[in-house]
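Heavy-atom basis, side chains included; hydrogens, waters and symmetry copies ignored. Chain letters run A, B, ... following the sequence lines, proteins first and then strands; every chain starts at 1. Being a predicted model, the structure only gives us computed values, none of them experimental.
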There are 2 protein chains.
Amino acid sequence: MTGRSTSSNLADHAYEAVRDAIADGTLSPGDRISEYKTADWLKISRTPAREGLLRLQAEGLLANHPRRGLVVASIDNEALKEIFVAREVMERAIAGQAARNASGPEMDQLIALTDREAGLVEDRDAMIRHNRAFHGMIRSCAHNRYLMKFTNTLEDIVAADRRGTSLVDIARRHAVIGEHRALAEAIAARDAGKAEDLAAHHIRQSYAARLKLKLPES
Amino acid sequence: MTGRSTSSNLADHAYEAVRDAIADGTLSPGDRISEYKTADWLKISRTPAREGLLRLQAEGLLANHPRRGLVVASIDNEALKEIFVAREVMERAIAGQAARNASGPEMDQLIALTDREAGLVEDRDAMIRHNRAFHGMIRSCAHNRYLMKFTNTLEDIVAADRRGTSLVDIARRHAVIGEHRALAEAIAARDAGKAEDLAAHHIRQSYAARLKLKLPES
DNA sequence: TAGGTTCAAATGGCATACCATATCGCGGTA
DNA sequence: TACCGCGATATGGTATGCCATTTGAACCTA
């Protein structure tokens, strides 16, 4: 998942620290990032810092601006479109697989998450965290580590974009809660076809809501 | 792509060398791999060797056996199933996108590739190389860098498996040529729906053919 | 004042050194 | 002969040093 795991080694620590800094806006797209500054910030040496940054680069969160070092990746509208196309097909498949493969306890946990969500509609940050946890749970239920990893990566990239999540809009938050509930119920009912359609629709709605924010090109 | 690009830095060189060694069977699943041996083999120092290996690990080609270092990843039947589920949904989407987005020259090149393929049916290794080039071309045509990267990674993982490709069977090679031709023609005709179905079918056939090889669990 | 030149600081890439730990073999002892 | 313990070796993790390149800016000159 994307959780704050207690990193056992310093490279993981660097990876998580920088990733989280990007996710929460401490670092913005276009910001330059150097091995030195990162190492100094985290009180570690350059080597593990470099390893963490290389990993972020491999995942697409950082871009190697040819002769100027690493920068937080800016995603243009074309890349955003590609990401949402990819997310739609993968989240659709994940929802179907979750409906087929989730264990009883997993489904219980998924339902419990949706029950909790309604109470969070007023709290934007809590909703954002909960949204990630919810989708993470579905990916878990699908029992497909590859689709899980890929979608997690794409979610991180999207979160890094300064246009942020569509959840800043409270109307969208209300809508999301309904979409989540319907999706969770379809999965719990083991209705794979319905779950797939609802998941795809959910991702499309998310993309549409984000485009409506109408923020300038990165 | 997976091409033998002239790596500009040593870490990339290490990455490519080890990846290719895995792909061509020089290294087999379960084989231990150390930073030291890799560095010595390639006449570089541990640092870039380590970076290349870490990248391979992040992609899933190497596994970090807890107390024994890195080993070439063994994929069990469950993982193979997950991979093919993921490949099916992504290759399906890629085929559809290719039918919609491919430029004229790209389609010409795709058709040219299929024309060349028929003459290769007797040459197993040439077919294997051509198969990768063909799928790489379709991924290119789709103009979706994320789906392209993910499917390339999965293809590398599958290639690493010692059970190898189903293309070792000449009957399968004949079938593949037909499936490729049909798929390329659907894309060239911009029939996205048909291309999607053909691509999904192709992946399922590939999985079925591989299972029929009935080789022991890794 | 504008433009060019030069030099210092920053940065990435690579090599190497150091340390802790784990593995494996060798030898001694019961 | 079998088992136990100790030490050499292998290995990963981390720190640091060196070098080439580039950038940015101060300074000099026309």
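Here C:dA15 is the nucleotide among D:dA15, C:dA15, C:dG12 with the atom lying nearest to any side-chain atom of B:Leu10. For B:Lys37, counting side-chain heavy atoms from C-beta on, the closest listed nucleotide (D:dT11, C:dA15, C:dT11) is D:dT11. Here the side chain of B:Ser45 is nearest to one of C:dA15, C:dG12, D:dA15, namely C:dA15.
When the C1' atom of D:dG12 is taken as reference, atom CD of B:Gln57 falls 11 Å away, rounded to whole Å. Atom-to-atom, CD1 of A:Ile33 to C1' of C:dA10 comes out at 15 Å; the value is rounded to the nearest Å. Straight-line distance from the CG atom of A:Leu70 to the C1' atom of C:dT11: 10 Å, rounded to whole Å. One interatomic measurement links the two molecules: CZ of B:Arg50 to P of D:dT16, which rounds to 16 Å at whole-angstrom precision. The NE2-P distance, from B:His13 to C:dG13, rounds to 17 Å in whole Å. With rounding to whole Å, B:Asp40 atom CG is found 14 Å from D:dG12 atom P. One interatomic measurement links the two molecules: CG of A:Leu53 to C1' of C:dG12, which rounds to 11 Å at whole-angstrom precision. Remark: P of C:dG12 and CD of B:Glu51 are 12 Å apart, rounded to the nearest angstrom.
Between B:Arg100 and B:Glu196 there is a salt bridge, since a side-chain N of the basic residue sits under 4.0 Å from a carboxylate O of the acidic one. Using a 4.0 Å cut-off between charged side-chain N and carboxylate O, B:Arg19 and B:Asp12 make no salt bridge.
Relative to the ring axis of A:Phe84, A:Arg204 does not place its NZ or CZ within 45° and under 6.0 Å from the centre.
Under the 3.5 Å distance criterion, with hydrogens and angles disregarded, a donor-acceptor pair is assigned to the side chains of A:His135 and A:His202.
When the nearest nucleotides of DNA chain C are assigned to A:Leu54 and B:Arg46 by heavy-atom distance, the more 5′-ward of the two goes with A:Leu54.
For B:Thr47 against C:dA15, a side-chain-to-base donor-acceptor contact under 3.5 Å is present.
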